[in-house]
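What follows is a single structure, written as structure tokens, with notes after it.
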There are 2 protein chains.
Amino acid sequence: MSNPVKIPAFLAHLPLFCEMSPEEIERIAQGTRELHLARGDVLFQRGDPCNGFYVMIHGKVKLALTSPHGIEKVVELFGPGQSFGEAVMFLGKPYPVYAQALTDSLALHIGRNVIVGGIDGDPAFCRKMLAGLSIRLHSLIQNVESISLRSSAQRVIDYLLHDLGEIKEGLDVHISLSANKNVIASNLNITPETFSRILHNLSDVGLIKVEGKDVCIRDIAKLRSYDE
Amino acid sequence: MSNPVKIPAFLAHLPLFCEMSPEEIERIAQGTRELHLARGDVLFQRGDPCNGFYVMIHGKVKLALTSPHGIEKVVELFGPGQSFGEAVMFLGKPYPVYAQALTDSLALHIGRNVIVGGIDGDPAFCRKMLAGLSIRLHSLIQNVESISLRSSAQRVIDYLLHDLGEIKEGLDVHISLSANKNVIASNLNITPETFSRILHNLSDVGLIKVEGKDVCIRDIAKLRSYDE
DNA sequence: TCGCTTCCTTGATTCTGCTCAATGCAAAAA
DNA sequence: TTTTTGCATTGAGCAGAATCAAGGAAGCGA
């Protein structure tokens, strides 16, 4: 069990809290607890009541749904520094998804009370919460867009090119898949089989090279405009 | 052109502003303008900068995306009393969707400035904005869930049963489609043809009766558990 | 009333991506 | 080493929903 005195220091480095006074940070820390998670641990089930939100320190967590037929759909993936559960906390409804650790992880749970308290006196903090929710909403819209309007191959390509900014066009780019392929496939709304086949196709055409979780993009420009 | 003096009165009746003092309402009203829309008018295009959000007074507006191939996907529909665009306003990014009036409509545009100003002094208002965004996020997650995990027939059924609460199980329930069928189909992520066929099937089985935009649900319980 | 537009339906056909079933393969456990 | 376990790949066949192509009906303006 690590020293709880670290919590304020970690909080103070998060964008969400970084402008707060040490006293405020301390107050937030009072409502915060560490969560040490083993791979596979469930943070909460769909339907559980929600009384706070989570911030990842290290490790990886998925938010997912299960259909009546037992099929799982991964809604979002979270890594270090990211937070989730704010919206449900504000709504006061039970969780619409469940959360499970994909690797051994460390997370913070920040209680609703200290947040609601923090909003009252701190407009800057409030704006940040609003901005955070807005970002989440924005990315969900993109999610809907890609599920609705793009083919499975296009979704895979989008995923590979995601946040790859203005990389020098000439060179190969190496990326590493952030989770098992079945998890990524589910997040892209395709089956693992289809995911595998699409990667294979892209390899055959010479646009990428796949080795386990490492993907090497040979030609960004061509990949971007690849029209199957 | 209607009398602008009505704006404060209308604002004061919205959940978002209803607890505000008359002075505050007046301040918000200063940053608000009326929009008289004809059917087909575009409120904003995808990519337009955003400097406020919208509240519907009457009429109907769709938010939609267009794919590179010209296919349209309706993301959300809004009617009287509902608002949209808050998230984009807070993010300061361009609109990720476009908005178009489906019928002659009247809407209010509330400028970003007066809202941001309002947040600073009014924690209750801030909480309401947070709650509003949270609801939007929640409904988008449900959207993703239904697109990802449910068949087209199930989505149609969900739509028909949507916000139908605890209606007496025994009686027929009449509902009226809130927009043209192709708009609803797009919102459900199916083609108009598929939508038509599904309604037809459900009719054949005796679960519903369709007459133009009026749908009569003959047996809610059976429809709910219909497993095709 | 006629013609026109807009919206909806219906049928035939195609195709994308899924299901089912084996098999491969590498790392961990025994 | 051998066995086990968890992922990943590959193939064959299928099915849900889209596309393509005509019609039909209802509302509207002239």
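Please read all numbers here as calculations on a predicted model, not as lab measurements. Note on naming: letters A, B, ... go to the chains in the order of the sequence lines (proteins, then strands), and numbering restarts at 1 for each one.
For the pair B:His69 NE2 and D:dC20 P, the computed distance is 12 Å after rounding to whole Å. One interatomic measurement links the two molecules: CG of B:Asn201 to P of D:dA17, which rounds to 11 Å at whole-angstrom precision.
Checking D:dA18, C:dT9, D:dT10 against the side-chain heavy atoms of B:Ile190 singles out D:dA18 as nearest. In the set C:dC20, C:dG11, D:dA17, the nucleotide with an atom closest to the side chain of B:Arg197 is C:dG11. In the set D:dA18, D:dA8, C:dT10, D:dA8 carries the atom at the smallest distance from any side-chain atom of A:Asn180. Distances from the side chain of A:Asn182 to the nucleotides C:dC20, D:dA8, D:dT9 place D:dA8 closest. Candidate nucleotides C:dC8, C:dA21, D:dT19 were compared by shortest atom distance to the side chain of B:Ile71, and D:dT19 ranks first. Side-chain proximity of B:Arg39 to the nucleotides D:dT19, C:dT6, D:dT10 is greatest for C:dT6. The side chain of A:Lys181 lies closest to D:dA8 when the candidates are D:dA8, C:dT10, D:dA17. Of the candidate nucleotides D:dA18, D:dT19, C:dG17, C:dG17 has the atom nearest to the side chain of A:Ser152. If you check C:dC8, D:dT10, C:dT19 against the side chain of A:His200, the one that comes closest is D:dT10.
Listed pair A:Thr194 / C:dC18 meets the phosphate criterion, a side-chain N or O lying under 4.0 Å from OP1 or OP2. Contact annotation: A:Thr191 side-chain N/O to C:dG17 OP1/OP2 distance is not under 4.0 Å.
A:Phe44 and A:Tyr54 have their aromatic ring centers within a separation under 6.0 angstrom.
Comparing B:Gly212 and A:Glu193 by the nucleotide of DNA chain C whose heavy atom lies nearest to each, the residue mapping closer to the 5' end is B:Gly212.
Ion pairing of A:Glu86 with A:Arg136 is present here, as a side-chain N (NZ or NE/NH1/NH2) and a carboxylate O approach within less than 4.0 Å.
The rotation axes computed at either terminus of the helix from C:dT1-D:dA30 to C:dA30-D:dT1 lie 30° apart, taking five pairs at each end and rounding to 10 degrees.
Contact annotation for B:Arg150: no contact, since no heavy-atom pair falls under 4.0 Å across all strands.
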